[in-house]
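First comes the structure, then the notes that go with it.
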Number of protein chains: 2
Amino acid sequence: MSELSKKQQIVSASDLLFYNQGYAATSFADIAEAVQISRGNFYYHFKSKDSILDAVISLRLANSHKLLRDWESHSPAATERIGCFINRLLVKQTDIIRYGCPVATLNTELAKLNHPAKTTASMLSTVFRTWLRRQFCLLGEKSSADLLAMHLLSRSQGAATIANTFGEQKLLQQEVQLMHDWLYTYIKFPAENTATPSLA
Amino acid sequence: MSELSKKQQIVSASDLLFYNQGYAATSFADIAEAVQISRGNFYYHFKSKDSILDAVISLRLANSHKLLRDWESHSPAATERIGCFINRLLVKQTDIIRYGCPVATLNTELAKLNHPAKTTASMLSTVFRTWLRRQFCLLGEKSSADLLAMHLLSRSQGAATIANTFGEQKLLQQEVQLMHDWLYTYIKFPAENTATPSLA
DNA sequence: AGCTATATAAGACATTTGTCCTATCGCTAA
DNA sequence: TTAGCGATAGGACAAATGTCTTATATAGCT
């Protein structure tokens, strides 16, 4: 027996396949082959394909929380933590160029399918939004923390999108640099930004 | 008979359905119902589903070129033209919130499917990239025109993505405002940006 | 009217899909 | 050893999909 239970194996294999191929394009046959079980046997572990999706979203939520906790424990300063968020694009650059941002692509796919789980899936984005907002709060930007969080989230997702579209590593690296510059500039002159945050 | 040929009707109906539901999730049955023909009859007009996709991409390319020509003829100044590009997000905000950016979502879907047409589809983004680059060239930024173009493209796609994810109109409007601010700031101090463009 | 080319309908076809059922395997506890 | 139960295999099933074939309708021309 392997270390993970078969159910966990199914979830993590589906996690990867949903990211690489998309949810709708991933069939039970694909997952069955990946975890080496017969196709008809899924319904012992999961009652439907949708319930696998739910499990995958739960797994991703847990992984996201773990990631954020890691950043918090490794970086005492909020600025540095936000830097970790930006650098995530570089750490995952190979995957991002090939498959895009895992959070964004799942959200857009489920939105188009009008899938019941789309609300739950958007929680994946909300987790980062909330976390970033808290970091900006720690920097003293209470009134515009959410705006700043969304701005950074927006830019990171845009960078992932164009990197995926054009397949150019350099584009991703350029945008990451610009986000760091923006953060640095912002931290440097917090006084100017309290009234109307000049994110430009 | 209607004004458009049946073949054109199929293409424009597919264009809309591919945007609203995604390419893979749109079946011949869906298109057949939309244009009121029988399902088995497609192969008189198109030899495969992929060839419909090719036709849709061609249509979108033509529409994009037309859009860019319109902006050029209505706005003599390059700054104003770039402003038109940014405002496109507001003009299409209802659709964008529901279905995301038509260009980006098609690209990411085809990338995941590893579809043969993904290269052709990325031309849709390239058209805007090239056009924006030319506008920045007209502003005297020859050396960093492509970087500026990609930066703006990235931010617009990011804004579309988060608007689609969170379904919040305000987010889109905020990001649009920030892009205008960025453009304004950039135009105001072109001298500072010639060496190292401070997009932050 | 009759002929021809274009256009459309209707359905067959194999394949794949998600779902569900049943039989069997292998382990553990009595 | 045997009974019981969790786990798995294998296949049945209807529905849907892309594809292809054949027959019919329609319009224009002679």
Side-chain angles (χ1 to χ4, degrees), chain A residues 1-58 106 109-110 112-118 120-121, chain B residues 1-58 106 109-110 112-118 120-121:
Chain A
M1 291 299 158
S2 51
E3 316 195 352
L4 274 69
S5 73
K6 213 74 190 179
K7 189 164 184 172
Q8 287 172 314
Q9 285 182 46
I10 292 172
V11 176
S12 67
S14 303
D15 181 22
L16 190 64
L17 285 167
F18 291 174
Y19 177 40
N20 294 354
Q21 310 183 348
Y23 170 69
T26 301
S27 69
F28 276 116
D30 295 328
I31 307 173
E33 196 192 23
V35 299
Q36 295 280 63
I37 67 168
S38 86
R39 200 174 96 260
N41 190 359
F42 274 100
Y43 289 76
Y44 176 76
H45 301 283
F46 295 96
K47 72 176 207 295
S48 69
K49 193 184 178 185
D50 289 356
S51 68
I52 298 185
L53 178 59
D54 291 338
V56 167
I57 293 173
S58 294
L106 182 65
E109 182 181 2
L110 296 183
K112 276 194 203 291
L113 297 177
N114 204 17
H115 194 282
K118 71 174 178 178
T120 321
Chain B
M1 291 300 154
S2 50
E3 316 196 350
L4 273 68
S5 74
K6 214 73 191 179
K7 188 164 184 171
Q8 287 172 314
Q9 285 182 47
I10 291 173
V11 175
S12 68
S14 303
D15 182 22
L16 190 65
L17 285 167
F18 290 174
Y19 178 39
N20 294 352
Q21 311 183 349
Y23 170 69
T26 301
S27 69
F28 277 116
D30 295 329
I31 308 172
E33 196 191 27
V35 300
Q36 294 281 63
I37 67 168
S38 85
R39 199 175 96 261
N41 189 357
F42 273 100
Y43 290 76
Y44 177 76
H45 300 285
F46 295 95
K47 74 176 204 297
S48 71
K49 194 185 178 187
D50 289 355
S51 68
I52 298 185
L53 177 59
D54 291 338
V56 167
I57 293 173
S58 293
L106 182 65
E109 183 182 2
L110 296 184
K112 275 193 205 293
L113 297 177
N114 204 17
H115 194 282
K118 74 173 177 178
T120 321

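Letters A, B, ... mirror the listed sequences (proteins, then strands); counts begin at 1. It should be emphasised that the depicted structure is a prediction, and the values quoted were computed from it without experimental measurement.
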With sequence neighbours left out, write down each residue that passes side chain to side chain contact (heavy atoms under 4.5 Å, CB included) with A:S51, or none if nothing qualifies. A:F46, A:K47, A:S48
Which distance, rounded to the nearest 0.5 Å, do you find between the CG of B:D30 and the CG of B:L16? 11.5 Å
Aromatic ring pairing B:F18/B:Y23, orientation class (parallel under 30°, perpendicular over 60°, tilted between): perpendicular
Integer-rounded Å distance: D:dG6 C1' and A:K7 NZ: 13 Å
Find the distance A:F42:CZ to D:dG11:P and express it as a whole number of Å. 17 Å
A:N41 CG to D:dA9 P, straight-line distance once rounded to whole Å: 6 Å
B:K47 has an atom NZ; how far is it from atom P of D:dT19, in whole Å? 10 Å
Length of the line joining A:I10:CD1 and D:dT8:C1', which is rounded to integer Å: 11 Å
Figure out the CG/C1' separation between A:D50 and C:dT19, and round it to whole Å. 12 Å
Please state how far atom CD1 in B:I52 lies from atom P in D:dT17, giving the value in whole angstrom units. 14 Å
Distance col, row B:K112:NZ vs A:N20:CG, nearest 0.5 angstrom, shows 7.0 Å
What's the CD1-C1' distance between A:I31 and D:dA9, to the nearest Å? 18 Å
Between N or O atoms, less than 3.5 Å apart, protein on one side and nucleotides 15-18 of chain C on the other: list the pairs.
residue : atom : partner : partner atom : Å
C:dG18  : OP1  : A:K49   : NZ           : 3.1
C:dG18  : OP2  : A:F28   : N            : 3.0
C:dG18  : O6   : A:R39   : NH2          : 3.0

Distance test, side-chain N/O of B:H45 to OP1/OP2 of C:dT6, below 4.0 Å: no
Any residue meeting side chain to side chain contact (heavy atoms under 4.5 Å, CB included) with B:N41, in chain and number order, not counting sequence neighbours: B:S38, B:Y44
Step by step, would you call B:T120 with B:L110 a side chain to side chain contact (heavy atoms under 4.5 Å, CB included)? CA-CA 10 Å; B:T120 321; B:L110 296 184; over 6 Å; no
Kindly say if B:Y44 contacts the phosphate of C:dT8, meaning a side-chain N or O under 4.0 Å from OP1 or OP2. no
